[in-house]
Amino acid sequence: MTGLARLVEALLFLAPDPVGVDELADALQAGEEDVREALGELRHALGGRGVVLRELAGGWALASHPDAEEGARRLLARPRTPSLTPAQAETLSIVAYLQPVSRPEVARIRGVASESATAALTDRGLIEESGRSQFGAILYRTTPLFLTLFGLNTVDDLPDPVGWDPSPEDEAALRERLLRAGDERAQRTT
Amino acid sequence: MTSPPVSPGGPPPAAGSAPRLDRLELDLDVFAGPFDLLLSLILREELDLLEVELADVVVAYLDHLQAREELDLEAATEFLVLIAALLELKSRLMLPGEELPELDELAPAEAAEELLERMLQYARFRGAGGWLAERHESEQGHLYRAAPLPDALRRAPLEAARAAYESALLGQALGGLLRTPPPIDVSHLTTPRVSLADRLGVLRGLLRRGAFSFDEAVEGADRVTVAVTLFALLELYKGGEAAWEQAEPFGEIMVHGAAPGPAAARAAAAVRRDAASRTVPTRRDAASRMVPTRRDAASRTVPS
């Protein structure tokens, strides 16, 4: 490894949070392009090692290899965080894609009040308040911890949600059934 | 998440056959919310909520809980929310015309489109939620440095930190908050008042000349006077001294004298006596009165 790559490795080893390229360049008195090159070199050099280089939350960080997870959790007495409940996952996805977004908006999309899911996600540090809407409702956005825990660099790295839309055939079938249900109800009520 | 496949299939259930709950596969982990359930029900042509015995759903769930032998508070809460939503939905279905107000104003086709739009949007985020939940699982394999930065490398080591404020200053600030400040003397302020007795007098004067409209009685008056006059009018009506009518909302209110019966006359006399015998309360008096009684009302003055 070049000298710069070794220095980058040392800094990332010490840093408690992901470090941006600009911060690394500043600390090492080097050009950002050189730092980027050094990061590439470091990533390559870490192939097959117990530590991996990851780009997330707008910066770079060293992480333990997934193979080491079991042992690491025993060593640090740190159990896995519980999985997201379906309600939390839905709420989180709405906040992640539409942020900043208010709770009433989340409730409108989910069709159910989302107080407990929002509170749980706030407690988990995945979302946080970010001001108020023009109607005074609290707005929510995702936190840097969200990016770290989900291995994302920015929220723009989230996959295009259009991919989860039902197919046109399913949509047509759904529309037809809704219309039929509406007609039946209209007949009943008249 | 193993939500039911979004693909219609199978023949519709025979007409008249109530959907059986065991076919609902009441796996509650599957349903993330009422829309989810609604979506699934529609896709299985089991939409007719009217025929679903929600009590059975509750019983099935209790059995399900018992089988699991542990109370998952999160899931139980979700279930409560879900069943409450279903109950509301069902009660709306049972009451014609008590439908979603926003959907109610639309034609059935538009309502279906609106609902479809919402369901599609919901499906999108449900899918994204599933992806996030999986990602959350798979990303847990990586662990990051959790130890704080070594002291020597910190910009401001804890040992080097010095108290920037005197603790006595904090005590002083807190002490100031704990003392009740002296009441502010407002005796030099004059408060214009409108008394009920005055307005009763005005109305009675107008009544003596025959019928009049409310607008005449309050011509050029400020809001408080209008309010007190209305209150006075109510008093007169109560006492049987006056009757009033309004042909249409926001129309003119016509007031005319009412022929009081013996009881009404007595009541009217009592009101008059009451109003006359009471003097306008002093400022301090009015300010200190918290909850006026009904008798008080006849002599209450209202600051403008």
Side-chain angles (χ1 to χ4, degrees), chain A residues 13-16 52 54 61-66 68-69 72-73 76 78 80-81 83-94 96-97 108-113 116 148-151 158-159 161-167 170-171 173-175 177-179 181-186 188-189, chain B residues 1 6-8 29-36 38-39 42-43 45 47-48 74-75 77-78 81-82 85 93 96-97 99 108-109 111-113 115-116 118-133 135-150 153:
Chain A
F13 167 71
L14 289 169
V52 292
R54 309 201 74 209
L62 292 175
S64 64
H65 194 278
E69 185 196 351
R73 290 200 185 280
L76 303 171
R78 224 170 36 168
R80 272 194 166 214
T81 50
S83 316
L84 295 174
T85 65
Q88 288 170 6
E90 278 174 27
T91 305
L92 183 59
S93 76
I94 293 167
Y97 280 100
R108 196 191 67 77
I109 293 172
R110 292 190 60 223
V112 59
S116 73
T148 308
L149 287 183
F150 287 77
L158 288 166
V162 174
W164 290 293
D165 285 353
S167 67
D170 289 339
E171 191 183 317
L174 192 57
R175 174 180 285 114
R177 278 158 206 238
L178 278 171
L179 278 171
D183 285 347
E184 280 168 17
R185 190 191 301 180
R188 247 205 320 275
T189 52
Chain B
M1 195 159 65
V6 187
S7 61
D29 297 337
V30 164
F31 297 119
F35 268 12
D36 197 12
L38 196 57
L39 191 70
I42 290 170
L43 288 173
E45 309 221 24
L47 175 68
D48 205 345
E74 193 89 28
T77 315
E78 285 294 308
V81 171
L82 204 147
L93 287 176
E99 289 162 31
E113 279 301 321
L115 200 53
L116 179 74
R118 284 216 205 167
M119 284 189 169
L120 291 180
Q121 192 183 24
Y122 170 73
R124 170 182 297 185
F125 287 109
R126 187 181 63 179
W131 181 83
L132 283 172
R135 181 100 180 170
H136 183 251
E137 284 301 303
S138 65
E139 280 297 317
Q140 289 216 28
H142 291 287
L143 277 88
Y144 299 91
R145 186 185 181 88
L149 210 56
L153 290 178

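Naming: A, B, ... by sequence-line order, numbering from 1 per chain. Values in this document were obtained by computation on a predicted structure and should not be read as measured data.
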Self-check item: Residue L62(A) versus chain B: region with a heavy atom under 4.5 Å
Solution: backbone
Quiz item: For the residue pair Y122(B) and R110(A), what are the closest heavy atoms and their distance?
Solution: CD1-CA, 3.9 Å
Self-check item: Closest approach of I109(A) to F125(B) (non-hydrogen atoms, all atoms of both residues)
Solution: CG2-CD1, 3.7 Å
Quiz item: Are any of the side-chain heavy atoms of Q88(A) and H136(B) separated by less than 4.5 Å?
Solution: no
Quiz item: Of the backbone (N, CA, C, O) and the side chain (C-beta and beyond), which part of T148(A) lies under 4.5 Å from a heavy atom of chain B, both, or neither?
Solution: both
Practice problem: First locate atom CZ of R135(B), then atom CG of L84(A), and finally report the distance between them rounded to the nearest 0.5 Å. | Solution: 13.0 Å
Practice problem: Enter the distance from I94(A):CD1 to Q121(B):CD here, rounded to the nearest 0.5 Å. | Solution: 8.0 Å
Self-check item: Atom of Y97(A), atom of A128(B) and distance for their closest heavy-atom approach
Solution: CE1-CB, 3.5 Å
Quiz item: So how far is it from E137(B) CD to S83(A) OG, rounded to the nearest 0.5 Å?
Solution: 3.5 Å
Self-check item: Interatomic distance, L132(B) atom CG to L149(A) atom CG [nearest 0.5 angstrom]
Solution: 11.5 Å
Quiz item: Roughly how far, to the nearest 0.5 Å, is CZ of R124(B) from OG of S93(A)?
Solution: 11.0 Å
Self-check item: Closest heavy-atom pair and its distance - Q140(B), R73(A)
Solution: O-NH2, 2.8 Å
